[in-house]
Amino acid sequence: MTDQLVVTDLKRHFGQLRAVDGFSLTLAKGDRHALIGCNGAGKSTVLHMIAGAVKPTAGRIRFDGTDITGRGSHRRSRSGIARTFQTPALLDTFTCLENLILAARPHHRDHRWWPKARRAALTEKAMRQLEALNLADDADVSAGELSHGRRRLLEIAVALVADPRLLLLDEPAAGLTEADKERLVDCLRALPTELTVLLVEHHQDVVTAIADTVTVLHNGQKLTSGTPAEIAADPQVAEVYLGTAA
Ligand SMILES: Nc1ncnc2c1ncn2[C@@H]1O[C@H](COP(=O)(O)OP(=O)(O)OP(=O)(O)O)[C@@H](O)[C@H]1O
């Protein structure tokens, strides 16, 4: 299968701190890959660099055959890369439906001025996306009134409504109740198979349920990679999590 995302020798240094220090990763279309590691391992920084929010100190990023290393986050999202954040980034005073409509057409923010047919088509698309994430009942509820679990789902719906080819998820299960976590896993498992997903996640059960392959990051570098079962059985990984590794 053709490689979709190719990250080569990526580095990000903050002064003396080597947050990411030579990280490489290749994903094919439809891959479900998790990036795990202890706090401060560099996972979010990798995600930020792929999304275009943080500039690499060195290294290259290719997406669908094009070098996007120098592109900003807006151009990357137009190229088909969508992301969620550790803390959901939503328009709290807008309804769930409005959040999706605006995300579907980000360069024409005031949707009241769009042609009627265009608005109807976008509304229908946004509703379908809300339904896919079991949020249709909340269509007219302000994002700010949602529970934490539903906000997480709404953020994923917002990321998906622009039809990305690569979805970057930064700790989607953080702070969720068990019931919300199960709902999240069901939604993520139902994503279109051709969508590539790169997930940063601390919950092992979520990683096992979603990811086909896992990379363990340690001190900004790849420690190892494998299937979730291989990683769970790897003594080197256990050492890192117990804090006894170098
Ligand atoms: N903008 C920044 N300026 C300075 N240091 C930073 C910056 N962003 C991240 N760091 C540092 O880089 C290192 C890696 O951070 P990063 O957030 O990527 O880790 P992480 O693996 O995602 O951790 P966590 O699981 O806690 O979110 C940390 O030591 C962090 O303090």
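Small disclaimer: the values here were computed from a predicted structure and weren't measured. In listed order, ligands and their atoms are each counted from 1.
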Per-atom contacts of ligand 1 with His202, taking only distances under 4.0 Å to non-hydrogen atoms:
25 (O)
Which atoms of ligand 1 are found less than 4.0 Å from any heavy atom of Cys38?
21 (O)
Distance filter under 4.0 Å to Ser44 heavy atoms, resulting ligand 1 atoms:
17 (O), 18 (O), 20 (P), 22 (O), 27 (O)
If the condition is side-chain hydrogen bond (donor to acceptor under 3.5 Å, both in side chains), which residues does Thr45 pass it with, not counting sequence neighbours?
none
Carboxylate-amine/guanidinium proximity below 4.0 Å for Asp163 and Lys125
yes
Checking the N or O distance criterion of under 3.5 Å, is ligand 1 in contact with Leu17?
no
Do any nitrogen or oxygen atoms of Gly37 lie less than 3.5 angstrom from nitrogen or oxygen atoms of ligand 1?
no
As an exercise, identify every atom of ligand 1 less than 4.0 angstrom from a heavy atom of Glu171.
25 (O), 27 (O)
Would you check the N or O atoms of Ala19, main chain and side chain alike, for any that come under 3.5 Å of an N or O of ligand 1?
no
Closest non-hydrogen atoms of Lys43 and His202, given as atom of the first, atom of the second and distance, are NZ-CE1, 3.7 Å
Would you check if Ser225 and Val214 make a side-chain contact, meaning some heavy-atom pair closer than 4.5 Å?
no
For residues 20-27, run the donor-acceptor check on the side chains, cut-off 3.5 Å, and write out each pair with its distance to 0.1 Å, sequence neighbours left out.
| unit_1 | atom_1 | unit_2 | atom_2 | d |
| --- | --- | --- | --- | --- |
| Asp21 | OD1 | His13 | NE2 | 3.2 |
| Asp21 | OD1 | Arg18 | NH1 | 3.4 |
| Ser24 | OG | Asp9 | N | 2.8 |

Sub-4.0 Å heavy-atom contact, His48 with ligand 1
no
Under 4.0 Å from one or more heavy atoms of Ala41, ligand 1 contributes atoms 19 (O), 20 (P), 21 (O)
Should Arg12 be listed as contacting ligand 1, given a heavy-atom distance under 4.0 Å as the test?
no
Taking NZ, NE, NH1 and NH2 as the nitrogens, is one of them in Asp180 or Arg151 under 4.0 Å from a carboxylate oxygen of the other?
no
How about Leu217 and Leu223: do any of their side-chain heavy atoms sit closer than 4.5 Å?
no
Does a side-chain N-to-carboxylate-O contact under 4.0 Å join Glu131 and Arg128?
no
At the 4.0 Å heavy-atom cut-off, does Gly15 count as touching ligand 1?
no
